[in-house]
2 protein chains.
Amino acid sequence: MFSFSEENYLKAIFHLERKYQAGVSTNALAEEMETKASSVTDMIKKLSEKELVIYKKYQGVKLSELGKKTAIEVIRKHRLWEYFLVEKLNFNWDEVHDVAEQLEHIKSEKLTRELDEFLGFPKRDPHGDPIPDAEGNFSVANKVLLSELGKTEKGICVGVKDSSSDFLRFLDKNNISLGKKIKVLEKEAFDGSMLILIEERQLRISQLISNNLYIKTQ
Amino acid sequence: MFSFSEENYLKAIFHLERKYQAGVSTNALAEEMETKASSVTDMIKKLSEKELVIYKKYQGVKLSELGKKTAIEVIRKHRLWEYFLVEKLNFNWDEVHDVAEQLEHIKSEKLTRELDEFLGFPKRDPHGDPIPDAEGNFSVANKVLLSELGKTEKGICVGVKDSSSDFLRFLDKNNISLGKKIKVLEKEAFDGSMLILIEERQLRISQLISNNLYIKTQ
DNA sequence: AAATATATTTAGATAAGACTAAAAATAGGT
DNA sequence: ACCTATTTTTAGTCTTATCTAAATATATTT
Ligand SMILES: [Mn+2]
Ligand SMILES: [Mn+2]
Ligand SMILES: [Mn+2]
Ligand SMILES: [Mn+2]
């Protein structure tokens with residue numbers, strides 16, 4: 001149906017639309033795709049021809065309904081494969097992204113459907129991100145960044161914002177993983193660092209860390 | 001490492017080398033790849049530059065050691081994925097080939113290794129073809145075509161030569177599957193058709209069928 | 001051995017996706 | 001409102017993989 005490159009652009013636009021509802025700028029997309037603005041303009045024109053995006057010169061792009069549907073399908077596959085790699089093939093959560101970037105482009109509805117079933121219709125990928133179902137529906141959890149919590153507030157660690165290997169391995173090393181209870185004991189106004197309680201253990205973390213950990217409070 | 005297209009050419013050359021040990025001709029390769037001879041020449045030159053094949057103008061191609069190793073890796077992945085699809089994801093043996101054609105190009109040594117382990121190091125794919133191990137070794141079974149058997153000879157059905165959907169569904173419909181015992185009851189000299197005994201059942205099959213079924217005798 | 005047929009390679013073109021450099025449009029500051 | 005900085009688009013080039021048409025080499029007949 002669509003090329004790898006087209007699918008990757010759609011995915012990138014989908015993710016950037018959160019931040020730029022008015023339309024995703026060429027430069028933002030160029031940065032996300034690690035390419036040049038001129039290449040982005042070329043591709044946007046092509047996607048526009050194919051009615052995957054709505055585009056007016058100098059005004060940025062938005063996904064059309066078809067574009068959004070396609071992007072969600074790719075994201076669904078990406079996250080299902082990440083789940084598969086961790087749950088069935090002994091991958092660590094920091095090793096799955098690059099392989100999933102390849103697997104997400106495999107074209108077979110039956111494969112996606114059967115994989116989903118084989119995995120027991122998982123709701124979240126290894127990084128806490130929601131896995132869209134076959135109809136493209138997914139629940140956006142009411143999560144906040146740990147850095148937004150104040151002293152004495154608590155919740156459960158439910159996701160990571162940064163899913164780079166470096167960050168994930170840091171979390172592993174410090175025994176921070178999804179599902180664990182976290183309570184803010186102290187918050188340093190000066191540098192934004194925190195003293196947290198995680199499973200009976202006290203830990204001091206920098207703002208860079210708390211800015212990349214999602215917490216579900218309630 | 002190598003492009004999808006390069007990998008597909010290597011695989012095709014590998015398979016054709018059985019038949020054309022002296023060197024695979026441009027035309028044979030063009031037919032196998034469903035492309036034009038001129039395109040084949042272009043690609044062969046590129047593969048030759050990369051030392052994946054040995055090529056002299058007008059003399060056909062052979063795989064180099066590196067080319068052979070690469071081809072076997074792709075075939076290993078293809079067959080492992082086919083096994084996965086049938087054993088874990090409820091695919092029928094006639095549905096797996098096209099998806100495996102995509103999956104065979106995923107680059108991740110860990111993925112291949114872990115998939116192999118997850119599947120229990122299978123030795124044969126759903127069509128009876130051997131699955132190379134991580135070192136590229138695989139056993140070539142001593143099988144013959146059913147059409148080569150004479151009256152009263154018997155053996156076990158161990159593979160298919162043609163693995164088209166049409167042929168495989170024909171076998172399904174007639175309850176012929178790998179592992180079943182087959183005995184030749186009659187052989188018609190005129191049209192090459194056979195009367196066979198398969199699991200207490202008598203069945204008349206044309207030469208086209210017996211020419212595409214592998215049997216292990218002993 | 002020459003003529004003819006077939007196989008293979010070369011030449012030139014195309015499409016996708018990327019790039020650099022330059023031009024044009026938009027946004028901000030005074 | 002104008003000047004400047006930034007963003008975006010255009011123009012032209014490159015690489016990969018394909019194609020058609022034409023040229024050349026090899027194989028087969030006579
Ligand atoms: Mn990922
Ligand atoms: Mn993820
Ligand atoms: Mn196959
Ligand atoms: Mn097979």
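Letters A, B, ... are given to chains in the order of the sequence lines, protein chains preceding strands, and every chain is numbered from 1. Note that these values count all heavy atoms, side chains included, but never hydrogens, waters or copies made by symmetry.
B:Thr26 comes within 4.0 angstrom of the backbone, heavy atoms only, and of no base. Across all strands shown, B:Lys56 has no heavy atoms under 4.0 Å from either base or sugar-phosphate atoms. Within the 4.0 angstrom heavy-atom criterion, only backbone atoms of the sugar-phosphate kind lie near A:Tyr55; the bases stay farther away. Backbone-only contact: B:Ser5 has heavy atoms under 4.0 Å from sugar-phosphate atoms and none from a base.
Nearest to the side-chain atoms of A:Thr35 among the listed nucleotides D:dT9, C:dT10, C:dC19 stands C:dC19. Of all nucleotides listed (C:dA18, D:dT7, D:dT18), D:dT7 comes nearest to the side chain of A:Asn27.
For A:Ser38 and C:dT20, a side-chain-to-base donor-acceptor distance below 3.5 Å is present, hydrogens and geometry of angles not being considered.
Between A:Tyr58 and A:Ser3, the residue anchored nearer the 5' end of DNA chain C, judged by the nucleotide with its closest heavy atom, is A:Ser3. When each of A:Asp42 and A:Lys57 is assigned the nucleotide of DNA chain C with its nearest heavy atom, A:Asp42 is the one assigned upstream, toward the 5' end.
From A:Lys56, atom NZ reaches atom CD1 of A:Ile44 across 14.5 Å, with rounding to the nearest 0.5 Å.
Salt bridge present: B:Glu101 and B:Lys11 bring a charged side-chain N and a carboxylate O closer than 4.0 Å.
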ask   = Does the salt bridge (Lys or Arg N to Asp or Glu O under 4.0 Å) test come out yes or no for A:Glu73 and A:Lys69, once each step is laid out?
value = CA-CA 6 Å; A:Glu73 275 167 18; A:Lys69 179 172 158 284; 3.5 Å; yes
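Proximity of A:Lys36 to the phosphate of D:dT8: no side-chain N or O atom is located under 4.0 Å from OP1 or OP2. Side-chain nitrogen and oxygen atoms of A:Thr41 include at least one within less than 4.0 Å of the OP1 or OP2 phosphate oxygen of D:dT9.
The residue from A:Asp172, A:Asp162, A:Leu208 that alone fulfils the side-chain contact (heavy atoms from CB on, under 4.5 Å) condition with A:Phe167 is A:Asp162.
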